[in-house]
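First the structure, in the form of structure tokens, and then the observations on it.
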There are 2 protein chains.
Amino acid sequence: MDDVRWLSADEQEIWRAYLSASVSLAAHVDRQMRQHAGMPMAYYEILVRLSEAPHRRLRMSELADASLSSRSRLSHAVAALERNGWVERRPADGDRRGWVCSLTDEGFAALAAAAPGHVTTVREHLFDVLTPEQLRTLREIGLAISAGLKPACDAARAEDAQDTQDAEDTQDPCDE
Amino acid sequence: MDDVRWLSADEQEIWRAYLSASVSLAAHVDRQMRQHAGMPMAYYEILVRLSEAPHRRLRMSELADASLSSRSRLSHAVAALERNGWVERRPADGDRRGWVCSLTDEGFAALAAAAPGHVTTVREHLFDVLTPEQLRTLREIGLAISAGLKPACDAARAEDAQDTQDAEDTQDPCDE
DNA sequence: ATAGGGTGGTTGAACTCTCAACACCAGCGC
DNA sequence: GCGCTGGTGTTGAGAGTTCAACCACCCTAT
């Protein structure tokens, strides 16, 4: 951990420009969603993924992957959405461990009501401020980052899987 | 609100690629920071900004702007950092409303301990997966988004300023 | 000098997220 | 049939964020 490849001045500028933009844009979009639709952006994402699924229903684990949330987060979120009447949970047939989450008509209506404001915000603060060339590159950048992140996420899951087994052997020596 | 400029298929792809990457990357970086340094990414950002300020001290409002957090968030965060002994608050001289927040030696040490792992994560998942050309464009994109967001943030502050005044007149009719 | 609006910062409650158990069931080997 | 490992999903506690007051102070105009 001693031979760190520190960031050059240029790289720091890039990282900070990216970080600032992504944090600010996320905050702005989330804020708009809360004010206008009464739910955080993460919940909107869940409704969107459900609305696009066949029969507007998905297994919890599939919904978690699609909406980029952890299982725990999804559990809490779906519980909250269920209290709103926007979503329903029923046991999956064929696997008595699983649950299927489905979007109700009220949930779809809430989604439809929230969509215009959301899209307008995204267009205004992303598509209207970038050139077509920049947008093409942004798509590539997004795909590259996601691809580079996938191994790390898989590794994290793999760790969880065997965490119950090994406890006392080789921990990585992070000085902290 | 009826003439919404919806996203084309191409635009949706771009937005989702960006959203997925930024959410996943932020989650990964935050997770790394929590595990390795015991603090969320937002707290690290606060320490960084303090460490770069003259005499490692900043007015609370300046620190809030620099670290991209709301005043409320910063208050809570600084209170937590103070409990750790990483930060100190003392009254600002010349303005008895204000407070100056300063980084302690322990705080600087915590920052120094957290930096290598953080930089390594950023390099691995951002700089190592993008081409120099993409990185140049990413800088431009970040700057453009931030610039486009500034008016909106200023407007939000302006609203707060006069919220105490008008209460019963024209509310925007959002059907929800 | 004083009222009144604006600024700086804090607080508490409600909400969301994370983390670490935990319960439950599937599938496989014996 | 029985354990055993792995996968699915939930729960509760604690941490962090948001939102809406709220207090204290500065500043200017009257």
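Just so it is clear, the model here is predicted, and its values are computed rather than measured.
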### Message
Check this one for me: any side-chain N or O of Arg71(A) less than 4.0 Å away from OP1 or OP2 of dG7(D)?
### Response
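Checking dG7(D) against Arg71(A), no side-chain N or O comes under 4.0 Å of OP1 or OP2.
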
### Task
Please state whether the phosphate of dG16(D), meaning OP1 or OP2, lies under 4.0 angstrom from any side-chain nitrogen or oxygen of Arg73(B).
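No, no such contact exists.
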
### Query
Mapping Asp95(A) and Arg34(A) onto DNA chain C by nearest heavy atom, which one lands closer to the 5' end?
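Comparing both residues, the 5'-ward one is Arg34(A).
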
When you get a sec, tell me which of [options] is the closest nucleotide to the side chain of [X]?
X: Arg96(B); options: dC25(D), dA20(C), dA13(D); answer: dC25(D)
X: Tyr43(B); options: dT18(D), dT17(D), dG9(D); answer: dT17(D)
X: Arg97(B); options: dC19(D), dT18(C), dT7(C); answer: dT7(C)
X: Ser72(A); options: dG9(C), dT10(D), dT11(D); answer: dT11(D)

Whole-Å distance between [N] [atom2] and [X] [atom1]?
X: Leu74(A); N: dC19(C); atom1: CG; atom2: C1'; value: 16 Å
X: Leu63(A); N: dT8(D); atom1: CG; atom2: C1'; value: 14 Å
X: Asn84(A); N: dA14(C); atom1: CG; atom2: C1'; value: 14 Å
X: Arg59(A); N: dA26(C); atom1: CZ; atom2: C1'; value: 11 Å
X: Met39(B); N: dC17(C); atom1: CE; atom2: C1'; value: 19 Å
X: Trp99(A); N: dC25(C); atom1: CH2; atom2: C1'; value: 13 Å
X: Met33(B); N: dA15(D); atom1: CE; atom2: C1'; value: 17 Å
X: Tyr44(B); N: dA15(D); atom1: OH; atom2: P; value: 23 Å

### Message
With no hydrogens and no angle check, just 3.5 Å: does a side-chain donor-acceptor pair link Ser67(B) and Ser69(B)?
### Response
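There is such a pair (donor and acceptor under 3.5 Å, judged by atom type) between the side chains of Ser67(B) and Ser69(B).
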
At under 4.0 Å between heavy atoms, what does [X] touch on the DNA or RNA strands: base, sugar-phosphate, or nothing?
X: Ala79(A); value: nothing
X: Ser61(A); value: sugar-phosphate
X: Ala42(B); value: sugar-phosphate

### Query
Which pairs with one or both residues in residues 81-93 of chain B pass side chain to side chain donor-acceptor pair (under 3.5 Å), sequence neighbours excluded?
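Output for this query lists Glu82(B)-Arg89(B).
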
#### Entry: Side-chain donor/acceptor of Thr104(B) to backbone N/O of Gly85(B), under 3.5 Å
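At least one qualifying donor-acceptor pair exists.
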
### Query
Are Glu62(B) and Arg49(B) within salt-bridge range, i.e. N to O under 4.0 Å?
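Salt bridge: no.
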
### Task
Decide yes or no, distance alone: a donor-acceptor N/O pair under 3.5 angstrom between the base of dG9(C) and the side-chain of His76(B).
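No.
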
### Task
Look at the aromatic rings of His125(B) and His28(B) and report parallel, tilted or perpendicular, splitting at 30° and 60°.
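Because their plane-to-plane angle is over 60°, the rings of His125(B) and His28(B) count as perpendicular.
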
### Message
Taking the nucleotide of DNA chain D with the nearest heavy atom to each, does Ala27(A) or Arg89(A) sit closer to the 5' end?
### Response
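Nearer the 5' end of the strand: Arg89(A).
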
